[in-house]
Amino acid sequence: MVHGPCGIINPNAPCMKDGDCSKQFPKAFREETEENVNGYPVYKRRCIEPVRVGKHYIDNRWIVPYNPWLSKKYNAHINVEVCASVKSVKYLYKYVYKGHDAASITLKNDDIVNHDEILNFLDGRYVSAPEAMWRLSEFSMSDKSHTVIRLAVHLPEQQAIFFKEGQENEAVERASIKDTTLTAWFKLNLTDEEAHEYYYADIPQYYVFDKPSTKWQKRQRGGQKVIGRMPVVSVRDSERFYLRMLLLRKTGVISFNDLKTIDGTLCETFQEAFKVLGLLDGDQHWHDTLLEAARMQMPSYLRILFAIICGFGEVENIPDLWTQHKQSLSEDFVHRYSEETGPFYALAELNELLKSYGLNLRKVNLPSVDLQCDLFRLSYDAIEEQSKANANIEKLNSEQRYAVYKVLHAIYEYQTDMPKCFFLDGPAGTGKTFVYSTLLHAVRGKGDQAIAVASTGIEATLLSGGRTAHSIFKIPLTLNATSTCNLKPNTSEAKILLDAKVIVWDEAPMTHVHAFLAVDRLLKDLTKCDEPFGGKIILLGGDFRQVLPVILRGSRSLTVSSCIKKHRLWYDFFVMKLTENMRAFDSEKEFASWLLHVGEGESGVKIQLPPFCYPEIQDPVQQLFSDIDFKTVTPEEIKGRAILTVTNNLSMQINNRVLECMSGNEVIYESIDNIVSNDPQDQLAYTEEFLNSLTPTGMPPHKLRLKPGAIIMLLRNLAPSKGLCNGTRLIVIQLQKNVIVAKKISADNNNESYLISRIPLIPSDSNIPFQFKRKQFPIRLAFSMTINKAQGQTFDKICLDLSKPVFSHGQLYVGLSRVRSFDSVTVVSPNSEIYNCVYREVL
């Protein structure tokens, strides 16, 4: 294709402007194709000898971009350009969708304007070329996957009506005898008991609203793709807003008055009804919780609950809460001492419990006490501790004894060339926890202070006097390279750190290096010493084969760099290794050897499972509980079993399946969710139904389904000093309206039970582009849990669900190491060869 020499052949050609070609022909010669500033390419044009065409000479400068195949197929000159930029693509789309020109006119006759807006729109409508092609090809121009039914939400006698001017009275009369979808739902509940099972928003799935008769009629088919939608109501429209909230929570309602009747009492307003349900912010819920708990539990457990409420509950008036419940909170001390001094002892214990949340009596505006006794202080009998240390030392093997004496020598016989920072490395079964216990007993046996911390609450409970590292050092939840601990000098917590002879930190590999840097800064600041960790003797321990710090959407390199082993701080540590497995039976030692091979394997290599670990039944629930009759089973029979999964969603599905198998009445606790924002428009953007549908990592579900005897797991450190830590498994004893009574799964004494209340929870998941608060019991079912959550726990029997493969370092190793032998583990997987993920650079 050749562009004619415009100025020579036809000076009046359309492409000529002011004597020049608007298409910039002839083009310049060019050795390579390049993109110019306007986004269209400047094509390669070789310099060749011109060719004579008629009386003109033509060369490559006149060649138009073309495609020979298209030109031949359509027998037409077609200009073919490369769309190499957004600008050129937009240019093409403008012409594709342009359509014909249209003008809007208005007819005027004798000063009367005849303007029909709808008709004008239809007259001015045009069909674009792509739409015409789709219509000719009989393709669907639009598709509706679900039918959306709009449901009325209105106050009594305030439904919307439509009328023409001058017909107001007729419209009001017509509306008075016709039902809206809401009032028709009330009448449906009067006559149809089946409708009592469904919430107002779910009714369209099972019933059809007949507009002529304004009645809900039973749906015969097709309800699977029907969605009921209530309009969004601003919180400023207070009564209608709380009416809508109640419709989300009550079934079988027969009238507006029934909707605001709670426990047989008719409330004056919908807001009051919502408040009586305990779903509105305010202290009444906490008063109701303590009153309910006082009828079931001893004062000592009631004080733990009171401290939890103060630490998490966002209470407006804590002194009033104490005053109204002082008698039940201090009843045991009143009997032991006197009516005057009993409450002071209760306050003293509360002061100790509040320290777990960085609080004290003064900070919560309660009366300060100064009892001259050691009743509530954590103290150890030196003689008893030394006796335990001596007994443990006799059981140590050579590697363990070397580690214990090496640290003790650094504490009590320090020399300038000796290290002060130690790391105890060893795989599962080598007795790391036994070494920690021996060392702690030995130091405390000499009358000195020793601090035991762990990266997780579960590991902390395994150590004598153990606490989480975040609670001891006040490490911030959001960390960066310059983070500092929120612990002030000249406080009792700082004095404990200064007095400590040794700090033992278990499961260190799963803690982000930024946490260690923050603790390093804290100890240097407290001791006024520039040595690593302020010159304090510190023993870290763990297994780098296990899960590393979790980095959200982090790559392999980011995960590895977050590990302490890849930081300059690591060079200050003296590493001691444990290699001898301490398990008693040969089968256990064989399993430990195979497990070590898994933990040190090559990433991406598939591991061959022994035949007895890969059964024919590939259903995890049947695999783990097939030998159990759930109608007669006791919690003690299933507490040592767990199904471990890779993802949270899968574990929650399995938990609900197991709960359905259990006998007993199911109780459903619904949360109250709202946006954390001062802008009322945010509440309109994110409805409560949408927030209810979310279950971020580390959060309880909106609908928490429980039965007595169910196994649950805590999602927050409620009372670390009492062993109620994030990850602690418990057995449900009682299910009340405001309180759940549960006992620790390891407790032999049935009376050792604790009280759990609803608390406000804010997810830390940064995948969500907004913050919302969920008021719910901080627990989840724990028949199944993720592999990461199971780290630090030991089970009698597990089923490892690998229907989805592991995706992070150490997950397979951690999952398999939750038991002691091959007989205790089965694996659900597409095949007997399972994928392994190992970052060998951290080993």
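The structure displayed is predicted, hence computed values, not measured ones. Residue numbers run from 1 in the order of the sequence given.
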Do we see a donor-acceptor contact under 3.5 Å between the side chains of His702 and Ser671? yes
Mind checking whether Tyr206 and Tyr198 have ring centres under 6.0 Å apart? yes
Verdict with supporting geometry, Glu194 and Lys218, salt bridge (charged side-chain N to carboxylate O under 4.0 Å, His left out): CA-CA 10 Å; Glu194 290 185 20; Lys218 192 79 172 179; 2.5 Å; yes
Does the side chain of Leu800 come within less than 4.5 Å of Thr645's, by heavy atoms? no
Test Lys187 against Asp179 for salt bridge (charged side-chain N to carboxylate O under 4.0 Å, His left out), laying out the working first. CA-CA 9 Å; Lys187 292 182 179 180; Asp179 287 317; 2.8 Å; yes
Under a 3.5 Å cutoff, is there a donor and acceptor pairing between the side chains of Thr269 and Tyr242? no
Separation between CG (Asn656) and SG (Cys661), nearest 0.5 Å, reads 11.0 Å
Minimum heavy-atom separation for Ala152 to Thr181, with atom names? N-OG1, 2.8 Å
Expected output: side-chain Gln622 to main-chain Gln618 donor-acceptor under 3.5 Å: no
In Å, rounded to the nearest 0.5 Å, how long is the span from CD of Gln653 to CG of Asn649? 6.5 Å
Lys707 with Glu666: basic N within carboxylate O range, under 4.0 Å: no
Are Trp185 and Leu247 packed together at the side-chain level, in the sense that at least one heavy-atom pair is separated by less than 4.5 angstrom? yes
So do the side chains of Asn79 and Tyr66 get within less than 4.5 Å of each other, counting heavy atoms only? no
Under a 3.5 Å threshold, yes or no: a donor from one side chain and an acceptor from the other, between Tyr207 and Asp192? yes
Is the shortest distance from a Lys or Arg side-chain nitrogen in Asp210 or Lys215 to a carboxylate oxygen in the other one below 4.0 Å? no
Output, in order, the C-alpha distance, side-chain angles, deciding distance and verdict of salt bridge (charged side-chain N to carboxylate O under 4.0 Å, His left out) for Arg244 and Glu689. CA-CA 11 Å; Arg244 185 182 188 277; Glu689 297 97 303; 2.6 Å; yes
Check whether any side-chain heavy atom of Ser803 lies under 4.5 Å from a side-chain heavy atom of Leu650, and answer yes or no. yes
Taking the side chain as every heavy atom from C-beta outward, state whether Leu706 and Leu659 have any pair of such atoms under 4.5 Å apart. no
Kindly determine whether Asn788 and Thr786 satisfy side-chain hydrogen bond (donor to acceptor under 3.5 Å, both in side chains), including the steps that lead there. CA-CA 5 Å; Asn788 288 34; Thr786 61; 5.5 Å; no
Is a side-chain donor-acceptor pair under 3.5 Å present for Ser255 with Asp258? no
Residues Pro204 and Gly228: closest non-hydrogen pair is CG-CA, 3.8 Å
Separation of Leu812 CG from Asn836 CG (nearest 0.5 Å): 5.0 Å
Can you check whether Pro620 reaches Ile654 side chain to side chain, under 4.5 Å on heavy atoms? yes
Smallest separation among heavy atoms of Arg150 and Pro231, with atom names: NH2-CB, 4.0 Å
Taking the side chain as every heavy atom from C-beta outward, state whether Ile834 and Leu609 have any atom pair closer than 4.5 Å. yes
Please name the pair of heavy atoms, one in Phe25 and one in Ile63, separated by the smallest distance, quoted to 0.1 Å. CE2-O, 3.7 Å
Tell me yes or no: between the side chains of Arg780 and Asn648, is some donor less than 3.5 Å from an acceptor? yes
Assess the residue pair Ser829 and Tyr614 against the criterion (side chain to side chain contact (heavy atoms under 4.5 Å, CB included)); give the C-alpha distance rounded to whole Å, side-chain angles, the decisive distance to 0.1 Å, and a yes or no. CA-CA 8 Å; Ser829 173; Tyr614 186 72; 4.2 Å; yes
Could you go step by step and tell me if Leu802 and Val828 meet the side chain to side chain contact (heavy atoms under 4.5 Å, CB included) rule? CA-CA 6 Å; Leu802 296 180; Val828 171; over 6 Å; no
Is there a side-chain contact between Leu624 and Thr826 in this structure, where contact means two heavy atoms from C-beta onward sitting under 4.5 Å apart? no
Considering all heavy atoms, the nearest Arg774-Pro701 contact: NH1-C, 3.8 Å
Can a donor-acceptor pair be found between the side chains of His154 and Thr180 at a distance below 3.5 Å? yes
Heavy-atom closest pair (Ile672 atom, Arg249 atom, distance to 0.1 Å) is CD1-NH2, 3.6 Å
Does atom NZ of Lys178 have more than 12 heavy-atom neighbours from other groups under 6.0 Å away? no
Is the number of heavy atoms from other residues, nucleotides or ligands under 6.0 Å of Asn831 CG greater than 12? yes
Short question: side chain of Glu239, backbone of Gln271 - any donor-acceptor pair under 3.5 Å? yes
Students often mix this up, so state it plainly: with edges at 30° and 60°, are the rings of Phe256 and Phe270 parallel, tilted or perpendicular? perpendicular
Apply the test side chain to side chain contact (heavy atoms under 4.5 Å, CB included) to residues Ile762 and Gln771: give CA-CA distance (whole Å), side-chain angles for both, the deciding distance (0.1 Å), then the verdict. CA-CA 7 Å; Ile762 297 178; Gln771 269 199 333; 3.9 Å; yes
One pair to check against ring-ring contact (aromatic ring centres under 6.0 Å, His included): Tyr686 and Phe772. What are the steps and the verdict? CA-CA 10 Å; Tyr686 304 102; Phe772 79 99; 9.5 Å; no
Can you tell me how far apart CG (Asn67) and CD1 (Ile78) are? Round to the nearest 0.5 Å. 8.0 Å
Sub-3.5 Å donor-acceptor pair from the side chain of Asn655 to the main-chain atoms of Phe783, do we have one? yes
Walk me through it: do Arg229 and Ile149 pass the test side chain to side chain contact (heavy atoms under 4.5 Å, CB included)? CA-CA 6 Å; Arg229 279 285 182 266; Ile149 307 297; over 6 Å; no
